[in-house]
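Remarks on the structure that follows.
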Amino acid sequence: MASSGAFRGVGAFSYTEFYVQAHEYLSIATSLVVQVILLIFVRILAPDLLGVALLGSILFSVFALGQRVQNEAAYIRIDHKLNELYLASPLAPESYFVGFSVGILAAYLLPIAALVVATVLLVGMTAFTAAVLVAAAAAIWVITCSIGYIVSTLFRDMRAIWPYASLFYNLFGVLPPVFYPIGLLSGSLRTAALLVPPSAAAAIVQWSVHPSVLAPGELLLAALALAVESVALFALGVVWSRRSARES
Amino acid sequence: MADLALRAENVRKVYDRRGAPPTTALQGVSLVVRPGERVALLGRNGAGKTTFLKIAATLLAPTSGSVEVFGVDVDRRPEEVRPLIAVVPQEGKPFFHLTPREQVYTYLLARGFARAEAKRRTDDALAQMALEEVADRLSVTLSGGQRQRTMVATVIATEAPLLFLDEPTIGMDPFARRAVWASLRTLSKKGSTILLTTHYLDEAEALSDRLYIIEHGKVLVDGTAQSLKRDTGGSLRVSIAGGAGLSGSFASFGRTFPEAGALDVITTPERLPELLAVAVRLGLSTTVGPVTLEEAFLRVVGRSIDEDT
Ligand SMILES: Nc1ncnc2c1ncn2[C@@H]1O[C@H](COP(=O)(O)OP(=O)(O)OP(=O)(O)O)[C@@H](O)[C@H]1O
Ligand SMILES: [Mg+2]
């Protein structure tokens, strides 16, 4: 571990947060409830869409990690005041933000891996799709955790966060084509879907299975959107974590 | 190293948040803490103690004024200050899903200690806070005082050069409070500097080399417990039962304070016999004891530290 500079202490704080989260096995175990119910519906009502829905459920699960980062960081700050313990210390403020993100990802990796296994078993997955899926999921993780941490610093009351969180994560995670094919949308809705991170990621992953679902320009747009959004939001998250380490 | 552990100059803080009228929490606080000193901030609820501590600990921006920690400006170079400090937040709680042992140990790792050193310090801090029996239970199952002891253990284990403790012994039993005092004394002998807030006057007296009394965001006075007590004008407190309305009869013996139906008179040993004679003549019973910080606080602030506003 680096003894000075940016990201100091990030390994240790990630480990701490993973350790904390790992005790919440009930929450880890129930993290797939919505996804599994949706998959059952799809299996019954539109079995030919099962592959799309399975890949979408993986991306949605990664996207939902941001909500956990947000709730955990807000709870630890508002209820436990542990931000004061950790921020007034040699731990870099950006390590505090990244530590929540890495720790929560590590704790919830098992259910996400279970969805990957289910996908491989039920519909199969090429190595190419697997590689695209990992890259797209990584971008979603960076984006959602950055937003989650930034938003966590904006609230002064836990109860005020809940309605906002459920609106945000369902609006962006379920409404756009994540669980259903991008092909169902056309015109400006389709363009918008290619810009919204979860559906952009889903479109790219769908493209890796059926290249015909996206025109080359659309693929470029979605990939560029994801890349720009993840770099920009991560940079913002780092800057924000440093600035918000001191309240004004 | 700079010759002062902490120097605050004219620190002002106005909280200006949406949905609330602006609140002036600090109106020009200046104070100094020398290396190795234990200093207490005393003040009633809302006096501004936590606000000051958070500003000094890089957690809150002042509206104006400056604070230096070991010569480094906390506002301009917080990243250089943070490795030098550790904070027990007011009403903080450990991670509920860590045990006290894990909380202290992982915190030390996050601060950059090597594992063996972190483990040694963890065992030591848990022992100092008498937490061994519950050290391997999740904090969610601990009592309030045990959680608070975990917070203190976490911070004293760092042996940081400057420790901020915001009401560190709140909710602790008398044994635990004394354990905290002992640990903090040991730490300052090893070279750490300590700034704490408290509502317990006995704690301030037992623990601090010096104290500042703060009221309405201003430092009213600073000094040692001894000097503040001396400034009350006497060394004895005579409590006269049922004497609340009789301050006129006793004013000549020293300062008088009505206290729950009784009258407290601060006087000197020389005047005591005469005072007692007056009380006997009026048929009032008296209790005599040494002057405490309570009287010093009353003299300075005009109200008791735990009187409702
Ligand atoms: N976040 C905030 N927003 C607005 N006003 C605040 C905020 N925090 C504190 N205040 C106000 O600033 C003043 C000082 O508060 P502070 O918490 O510093 O007092 P304190 O001396 O620590 O009190 P206590 O003994 O109750 O802990 C109070 O009037 C309080 O209402
Ligand atoms: Mg306070």
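Basis for what follows: all heavy atoms, side chains included, without hydrogens, waters or symmetry-related copies. Proteins get letters first, then strands, A, B, ... in listed order; numbering begins at 1 in each.
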Any side-chain heavy-atom pair of A:Tyr19 and B:His97 under 4.5 Å | no

Which residues from [range] are near chain B, with near meaning under 4.5 Å between non-hydrogen atoms?
| range | result |
| --- | --- |
| residues 89-117 of chain A | A:Ser89, A:Pro90, A:Leu91, A:Pro93 |
| residues 138-167 of chain A | A:Arg156 |
| residues 75-82 of chain A | A:Tyr75, A:Ile76, A:Asp79, A:His80, A:Lys81, A:Leu82 |

Toward chain A, the part of [X] with a non-hydrogen atom under 4.5 Å:
| X | value |
| --- | --- |
| B:Phe96 | both |
| B:Pro78 | side chain |
| B:Arg17 | side chain |
| B:Asp75 | both |
| B:Pro62 | neither |
| B:Val74 | backbone |

Step by step, would you call A:Glu84 with B:Gln90 a side-chain contact (heavy atoms from CB on, under 4.5 Å)?
-> CA-CA 10 Å; A:Glu84 299 185 21; B:Gln90 180 173 8; over 6 Å; no

Between A:Tyr86 and B:Tyr107, is a ring pair (Phe, Tyr, Trp, His ring centres under 6.0 Å) present by the stated rule, with each step listed?
-> CA-CA 8 Å; A:Tyr86 285 94; B:Tyr107 182 65; 5.1 Å; yes

How long is the span from the [atom1] atom in [X] to the [atom2] atom in [Y], to the nearest 0.5 Å?
| X | Y | atom1 | atom2 | value |
| --- | --- | --- | --- | --- |
| A:His23 | B:Phe95 | NE2 | CZ | 12.0 Å |
| B:Thr106 | A:Phe13 | OG1 | CZ | 8.5 Å |
| A:Leu85 | B:Met151 | CG | CE | 5.0 Å |

Taking all non-hydrogen atoms of both residues, which atom of B:Arg82 and which atom of A:Ala245 are closest, and how far apart?
-> NH2-CB, 3.8 Å

Heavy-atom pair with the smallest gap, counting every atom of A:Ala88 and B:Ala57 = CB-O, 3.6 Å

Using a strict 4.0 Å threshold on nitrogen-to-oxygen distance, state whether A:Glu247 and B:Lys54 make a salt bridge.
->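 Yes.
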
Any idea which of B:Val81, B:Val87, B:Ile55 has the most non-hydrogen atom pairs under 4.5 angstrom with chain A?
->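 With the most close heavy-atom pairs to chain A, the winner is B:Val87.
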
Picking from B:Leu98, B:Thr63, B:Val155, which has the most non-hydrogen pairs under 4.5 angstrom with chain A?
->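 Ranked by heavy-atom pairs under 4.5 Å with chain A, first place is B:Leu98.
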
For atom [atom1] of [X], is the number of surrounding heavy atoms from other residues, nucleotides or ligands below 6.0 Å larger than 12?
| X | atom1 | value |
| --- | --- | --- |
| B:Arg137 | CZ | yes |
| B:Glu91 | CD | no |
| A:Leu26 | CG | no |

Intermediate values then yes/no, side-chain contact (heavy atoms from CB on, under 4.5 Å), A:Arg246 and B:Leu59 = CA-CA 4 Å; A:Arg246 179 168 45 210; B:Leu59 295 166; 5.8 Å; no

In a table with atom names and distances, give each donor-acceptor pair under 3.5 Å that connects a side chain of residues 226-238 of chain A to protein atoms at least two apart or in another chain.
{"from": "A:Ser230", "atom 1": "OG", "to": "A:Leu226", "atom 2": "O", "distance (Å)": "2.8"}
{"from": "A:Ser230", "atom 1": "OG", "to": "A:Ala227", "atom 2": "O", "distance (Å)": "3.1"}

